[in-house]
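All heavy atoms count here, side chains included; hydrogens, waters and symmetry mates do not. Note that ligands are numbered from 1 as they come in the structure, with each ligand's atoms numbered from 1 the same way.
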Amino acid sequence: MNKNIPDLFGSLVFNDKVMRNKLPKDIYKALRKTIQNNTHLELDVANAVAVAMKEWAVENGATHFTHWFQPMTGFTAEKHDSFITPIGDGEVIMDFSGKELVKGEPDASSFPSGGLRSTFEARGYTAWDPTSPAFIKDQTLYIPTAFCSYSGEALDKKTPLLRSMETLSNMATKVLNLLGQTDVTSVSTTVGPEQEYFLVDKDLFAKRKDLIFTGRTLLGAKPPKGQEMDDHYFGAIKQRVSAYMHDLDEELWKLAIPSKTKHNEVAPAQHELAPIFDSANIAVDHNQLTMDIMKKVADRHNFVCLLHEKPFAGINGSGKHNNWSMTTNTGKNLLDPGNTPSENIQFLVFLVAVIKAVDEYADLMRLSAASAGNDHRLGANEAPPAIVSIFLGEEITEILTAIENDTFFGKHQNIQMETGATVLPHFFKDNTDRNRTSPFAFTGNKFEFRMLGSAFSVSGPNIVLNTAVAEALSQFYDKLKETPADKMHDAVYSLVKEVFSKHKKVIYNGNGYTDEWVNEATQRGLFNFKSTPDVLPCFIDKKNIELFTKHNIFTESEIYSRYEILLENYSKTIHIESKTLQEMLRHEFLPALTKYMDILTNSITSRKSLLNLPCTSETKILTFLANSYDNIFELYEKLEDLTQTAENMSDMLLTAKFYQEEILPLMNAIRETADSAEQYLPNDILPYPNYEQLLFYI
Ligand code: ADP
Ligand code: MG
């Protein structure tokens with residue numbers, strides 16, 4: 001198969017090139033204006049776009065269209081309508097109007113709304129987002145849309161993201177104009193999410209209730225370490241996986257998702273995919289699509305793609321790295337240190353804006369990465385700690401420290417600071433490593449937020465980042481706006497100095513996995529929220545409500561509704577896990593234990609009577625298994641009880657805490673006992689595949 005990749009790339013996307021070819025010139029111009037300036041779209045333009053879109057979609061084999069949206073489930077939703085319109089005499093034409101393009105009305109009563117929209121008021125609206133291109137998937141034209149209630153409240157993950165991008169753009173532009181960059185009229189946030197995942201064999205997956213219902217294994221003894229890492233065997237895994245990755249890349253490229261894939265060797269069966277960054281809104285849409293397509297392509301290769309943050313105990317889980325920066329409409333990356341003094345100072349302003357934002361809203365950052373699944377990773381020496389801190393690297397920290405102390409830092413010279421006269425050395429790219437233990441690391445010309453879980457929509461973390469940075473910039477603007485031009489440099493230096501001084505406590509360049517850091521962070525007064533129920537109440541803190549409402553990202557009722565959804569989601573997740581574990585114990589694990597104990601009992605009895613042997617070893621195993629059975633059953637009954645109690649609780653926060661403090665530890669205790677018993681069970685008696693089979697027999 002010899003495909004021309006440039007031709008393939010974006011071939012299923014209604015992109016700029018297609019629009020230019022298909023649309024009348026004036027319509028094309030009007031649409032571009034809408035996309036670039038976020039202006040209102042007239043119905044006649046929408047009608048013309050709809051005609052062109054349908055024509056293109058039908059040419060490419062589409063029969064249906066769908067408004068594709070991102071409800072607060074974290075997944076995407078779609079309802080398909082066909083283009084077919086009857087014209088009498090049993091004939092149909094393929095039709096699609098501007099109204100159908102611009103607005104949809106899905107029956108949305110079952111999507112989570114956290115009390116924003118009662119079920120009898122089931123109407124929810126989807127509205128076309130022209131800034132994210134439409135595309136074709138499964139013979140359907142997908143139109144990216146925002147989703148809101150009858151009264152205009154956002155019910156999705158896209159609307160607040162778009163609001164936050166606009167706010168950041170406005171604030172950053174104002175500051176840049178003050179700094180003399182008068183040609184800048186907008187700033188877009190750029191995002192490149194790196195995605196980790198596991199692949200397991202479909203037939204094996206189908207035998208594990210825990211993977212099917214919860215996405216993670218609730219039982220499973222660790223395989224003997226390294227035993228399976230035989231070279232020959234590993235080669236065989238690679239071949240099947242690389243066929244998958246190849247296929248996946250092609251599917252993604254068709255949708256203009258610029259992926260570059262690499263194998264991850266940290267955990268067996270774990271891999272990573274990273275795309276080239278894009279504007280935040282498109283990057284979020286693309287990441288949602290990527291997760292969908294990863295699963296779909298896996299199915300074709302007889303795999304199941306696991307996106308859960310911790311599918312297997314004892315080996316690394318999966319995360320998502322959110323690379324983030326800001327770019328002007330003139331093409332300048334604001335987190336690139338630059339080569340000239342004027343760019344340097346501008347860089348430092350935006351750098352300290354991020355530092356201030358992360359320090360002041362570390363709780364929201366942590367919250368944006370909180371979920372039942374990700375709780376298994378954060379702070380567990382495989383992922384960043386649950387404490388939000390910033391890695392800047394030594395040199396950049398020294399520069400800011402020198403500014404704080406009024407001594408300028410130069411790499412090869414030691415020059416006293418003369419306002420704006422000195423150029424920062426262009427050093428970062430090579431030096432800012434790779435501190436893998438930091439949750440928020442400066443990596444040369446962008447920040448990498450590494451706390452996210454693999455199953456997340458990357459929307460939430462970017463909403464928080466954009467808004468918090470916009471707030472810092474708006475304060476900078478207020479401070480600087482009265483300054484005369486000839487005093488601006490001094491004023492900006494003082495600002496950088498003051499902000500760094502105040503917020504440097506959030507900077508930590510050392511090893512984030514150590515206990516010393518946890519202690520030091522406590523002394524510095526940084527947050528350390530260990531679990532999701534600990535951090536969720538921060539959402540409704542006064543300072544955070546003020547932040548979001550001031551910048552029109554969320555209304556107060558939208559915040560409360562999201563808070564409730566997050567709490568409920570947490571409790572539901574653990575509830576399902578508990579129920580699944582109970583079922584596996586009742587139907588599978590305990591009966592398997594009984595079966596093997598019977599075999600042992602028979603064997604011991606007959607050997608004793610036939611040969612008059614003491615059978616000490618077998619008796620020892622039998623006793624161990626019998627005791628394990630009793631222990632597990634006792635804990636099982638308790639789990640059943642407590643889960644019932646949780647089900648009857650009404651306060652959402654207390655319920656979530658109860659699941660975290662009472663039910664999870666009990667599930668862990670059961671697991672520990674069961675896993676040590678599992679080590680004595682013959683493979684053919686355990687009715688589902690064990691870790692060895694899941695992780696190594698691909
Ligand atoms: P690596 O981490 O392997 O060294 P890079 O640092 O080049 O690779 O990129 C990691 C991710 O960061 C990629 O998804 C890349 O597209 C993204 N990225 C690079 N520059 C930016 C930027 N300015 N804004 C957002 N994401 C970026
Ligand atoms: Mg990375």
Side-chain angles (χ1 to χ4, degrees), residues 9 161 164-165 168-169 172 176 184 186-197 245 248-249 252-253 255-266 270-291 294 318-339 343 346-347 350-351 353-354 357-358 365 368 383-384 390-393 396 426-452 454 456-459 461-466 469:
F9 193 85
L161 178 71
S164 76
M165 288 170 69
L168 181 68
S169 173
L176 285 167
V184 174
S186 68
V187 170
S188 84
T189 38
T190 51
V191 168
E194 302 166 59
Q195 175 76 46
E196 289 182 335
Y197 61 99
M245 287 174 167
L248 175 61
D249 271 344
L252 295 176
W253 291 337
L255 297 174
I257 300 173
S259 91
K260 57 170 186 167
T261 317
K262 46 193 172 185
H263 186 262
N264 189 331
E265 308 196 11
V266 176
Q270 190 189 29
H271 314 282
E272 183 186 292
L273 182 150
I276 296 165
F277 70 94
D278 218 321
S279 159
N281 180 35
I282 291 175
V284 170
D285 284 1
H286 278 178
N287 184 250
Q288 292 296 128
L289 260 180
T290 300
M291 293 192 285
M294 282 167 112
S318 299
K320 186 136 58 185
H321 291 175
N322 188 77
N323 294 274
W324 179 94
S325 189
M326 297 162 278
T327 305
T328 64
N329 61 308
T330 54
K332 164 101 182 102
N333 176 357
L334 293 171
L335 292 177
D336 188 328
N339 287 319
E343 283 179 345
Q346 183 183 302
F347 161 71
F350 282 88
L351 184 73
V354 178
V358 172
M365 298 274 293
S368 78
I390 300 179
F391 171 87
L392 279 186
I396 204 161
H426 217 283
F427 46 85
F428 312 120
K429 196 71 189 169
D430 301 324
N431 280 356
T432 50
D433 150 40
R434 302 311 168 221
N435 180 332
R436 291 290 163 201
T437 66
S438 174
F440 196 76
F442 184 67
T443 48
N445 58 5
K446 63 184 186 294
F447 276 99
E448 187 169 343
F449 185 30
R450 301 193 179 120
M451 275 185 151
L452 282 66
S454 49
F456 277 58
S457 157
V458 287
S459 171
N462 289 301
I463 293 171
V464 171
L465 255 172
N466 293 349
V469 173

Quick check: [X] and ligand 1, any N/O pair under 3.5 Å apart?
| X | value |
| --- | --- |
| T190 | yes |
| A274 | no |
| E194 | no |
| W324 | no |
| V191 | no |

**Per-atom contacts of ligand 1 with N333, taking only distances under 4.0 Å to non-hydrogen atoms** =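 Those atoms are 23 (N).
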
**Prompt:** Hey, which atoms in ligand 1 end up nearer than 4.0 Å to a heavy atom of I276?
**Reply:**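 It comes down to these atoms of ligand 1: 16 (O).
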
**Message:** Below 4.0 Å, non-hydrogen atoms only: which portion of T443 touches ligand 1? Side chain, backbone, both or neither.
**Reply:**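 Looking at T443 and ligand 1, no heavy atom falls under 4.0 Å.
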
**Request:** Kindly say whether S186 contributes a backbone atom to a donor-acceptor pair with the side chain of N329 at under 3.5 angstrom?
**Result:**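 Answer holds: yes.
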
**Short side-chain to backbone donor-acceptor contact, D336 and K332, under 3.5 Å** =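 Looks like no, no N/O pair under 3.5 Å.
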
Mind checking whether [X] and [Y] have side chains closer than 4.5 Å, heavy atoms only?
| X | Y | value |
| --- | --- | --- |
| V458 | L452 | yes |
| W324 | T189 | yes |
| S169 | S188 | no |
| Q195 | M291 | yes |

**Message:** Out of E448, E272, M326, K260, who is nearest to atom 8 (O) of ligand 1 when you count heavy atoms only?
**Reply:**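 Residue with the shortest heavy-atom distance to the ligand atom: K260.
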
**Prompt:** Which heavy atom in F456 sits nearest to a heavy atom in N287, and how many Å separate them?
**Reply:**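 Scanning both residues, the minimum pair turns out to be O-OD1, 3.9 Å.
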
